[in-house]
There are 2 protein chains.
Amino acid sequence: MPVKPEAPAEGVGAVDRALSILFAFEAGDAGLTLAELSRRTGLYKSTLLRLIASLERARMLVRPGAEARWRLGPALVGLGLRAQSGTTLLRELVPPVLRRLVAETGESASFYVREGEARLCLLREEGRHAARDQVPPGSLLPLYRGAAGHVLSGAADGLSVTIGERDPELAAIAAPVRGSQGLLLGALCLSGTATRLRDARYRAPLEEAVRREAAGLTALLGG
Amino acid sequence: MPVKPEAPAEGVGAVDRALSILFAFEAGDAGLTLAELSRRTGLYKSTLLRLIASLERARMLVRPGAEARWRLGPALVGLGLRAQSGTTLLRELVPPVLRRLVAETGESASFYVREGEARLCLLREEGRHAARDQVPPGSLLPLYRGAAGHVLSGAADGLSVTIGERDPELAAIAAPVRGSQGLLLGALCLSGTATRLRDARYRAPLEEAVRREAAGLTALLGG
DNA sequence: GGCTTCGTTCCGTCAGACAGAATATCGTTC
DNA sequence: GAACGATATTCTGTCTGACGGAACGAAGCC
């Protein structure tokens, strides 16, 4: 996901440029020359060399030999593992819960976390119905719409139900999952068509299942 | 391995500062506040906020909620995996070779790759002798000393043997491992005490084994 | 209410970073 | 060996991007 060096003025230009070098590398790149990096990033070679010096010192880039060719460095492996450890527990505990919710209700089950002014679909299990929403894990969705958004933005303190808010044909039920000291970790969510979920009698057991499983996760996670 | 923002003038200061933020995170940090990041990096909060804006846009940092608290972001996971893929094949093919070398000769077997003007011990299997050199994987060693260094610096075109060069009591035998188009990928190395390896009759089968296994790796790797 | 700490915004200053020219090196072709 | 094109490296004048740190508001504590 490369950054755009010409993005609106916020942040630091040199940092944006440096990071664009890292994102210039693609899977399978054994090593990129200065000329190739210049082509991929649009940066002058003198600029590249300055920025690369900082990235090399941090071992985010390494120059495997004497020739002018660079690869992504070991520091990124370390940071990547450290970045991942933050959600490792969630990635262990949440999928079984999602599968149980799908087995029990037939609707799609997701887990969302807040990311700035958006929400990220971290984990997902598809429901059994042919008609259902499509949200691949990794998607960023609006924070202020949809049941999970209400939960994550604090607009809803407990269970939230929205019908046709993000899309007129879809509806969702979400409940907060908390960690130690009441920290809001994410939102457990069931989603399906508005046609099905509008029916309060159909919906009642779904609400109860989301509430129960979210409370269970909260208990497991120290909330 | 945090960078030192006050390092000699090479590279770009703002980039060094930004990366120092990423390295400020430790394993187990659920999220760091602005004040805590300021303490750990020594940077002013206004400077931090500017730099963090760039890191957030690149999704190297994420702000999980409305409060001022950041975690390492998903882009680092992606870059970490991409960084790792470059040596994945080596990490699969080389360890069995190292184990065979140890089984056959009893001496310690290592695989080095060049990193700028140094060499990195990527992989290692300890030998059976009580007296042996200590080089944990991940170590950086001098490029211009030692048999593996001669190979990686191009000072030796084929097999290299050095006795007492890096340490008076140690000796090593190394051969190049090449990839497609003759690209030098690394050096396969046996090392032990100078006392043992100084004996040409003792050493001859070791040289043959290193040569043979390096040629085998080269064949596997497209050289 | 006062104090401390934190997070956010603002702005004058200047030195850090850039663009891009110049130079050196390398590889290829004849 | 010379010529050519491409690549890598070095250098420097310019100026604006980034910094430091003050000011301010909010939150928490006593």
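A note on names: the letters A, B, ... follow the listed sequences, proteins ahead of strands, and every chain is numbered from 1.
With 3.5 Å as the limit, one finds a donor-acceptor pair spanning the side chains of B:Thr47 and B:Arg50. Remark: the B:Ser110 side chain and the B:Arg124 side chain contain an N/O donor-acceptor pair separated by less than 3.5 Å.
Rounded to whole Å, the distance from CZ on A:Arg69 to P on D:dA8 is 9 Å. For A:Ile52 and D:dT9, the CD1 to C1' distance is 12 Å, given to the nearest whole Å. Here the C1' atom of nucleotide D:dT10 and the CG atom of A:Leu49 are 10 Å apart, to the nearest Å. B:Asp16 places its CG atom 14 Å from the C1' atom of D:dA18, with the value rounded to the nearest Å. Look at CG on B:Leu48: it is 14 Å from C1' on D:dA18, rounded to the nearest Å. Distance, A:Leu34 CG to D:dT9 P: 6 Å, rounded to whole Å. Rounded to whole Å, the distance from CD on A:Glu56 to C1' on D:dT9 is 14 Å. Rounded to whole Å, atom P of D:dT9 lies 12 Å from atom CD of B:Glu10.
At least one donor-acceptor pair closer than 3.5 Å links the side chain of B:Ser54 to the backbone N or O of A:Val12. No donor-acceptor distance shorter than 3.5 angstrom exists from the side chain of A:Glu107 to the backbone of A:Leu190, with no hydrogens or angles considered.
Taking a 6.0 Å sphere around CZ of A:Arg69, one finds it holds more than 12 heavy atoms contributed by other residues, nucleotides or ligands. More than 12 heavy-atom neighbours from other residues, nucleotides or ligands sit within 6.0 angstrom of CZ on A:Arg40.
The phosphate of C:dG7 (OP1 or OP2) has no side-chain N or O of B:Arg63 nearer than 4.0 angstrom.
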Shorter than 3.5 Å, N or O on both sides, protein versus nucleotides 17-21 of chain C: list them out with atom names.
residue	atom	partner	partner atom	Å
C:dA17	OP1	B:Gly13	N	2.7
C:dA17	OP1	B:Ala14	N	3.1
C:dA17	OP2	B:Gly13	N	3.3
C:dC18	OP1	A:Arg17	NH1	3.0
C:dC18	OP2	A:Arg50	NE	2.6
C:dC18	OP2	A:Arg50	NH2	2.6
C:dC18	O5'	A:Arg50	NH2	3.2
C:dA19	OP2	A:Thr47	OG1	2.6
C:dA19	N7	A:Ser46	OG	3.4
C:dG20	OP2	A:Tyr44	OH	2.0
C:dG20	N7	A:Ser46	OG	3.2
C:dG20	O6	A:Ser46	OG	2.6

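Within 4.0 Å of B:Arg39, counting heavy atoms only, lie sugar-phosphate atoms of the nucleic acid but no base atom.
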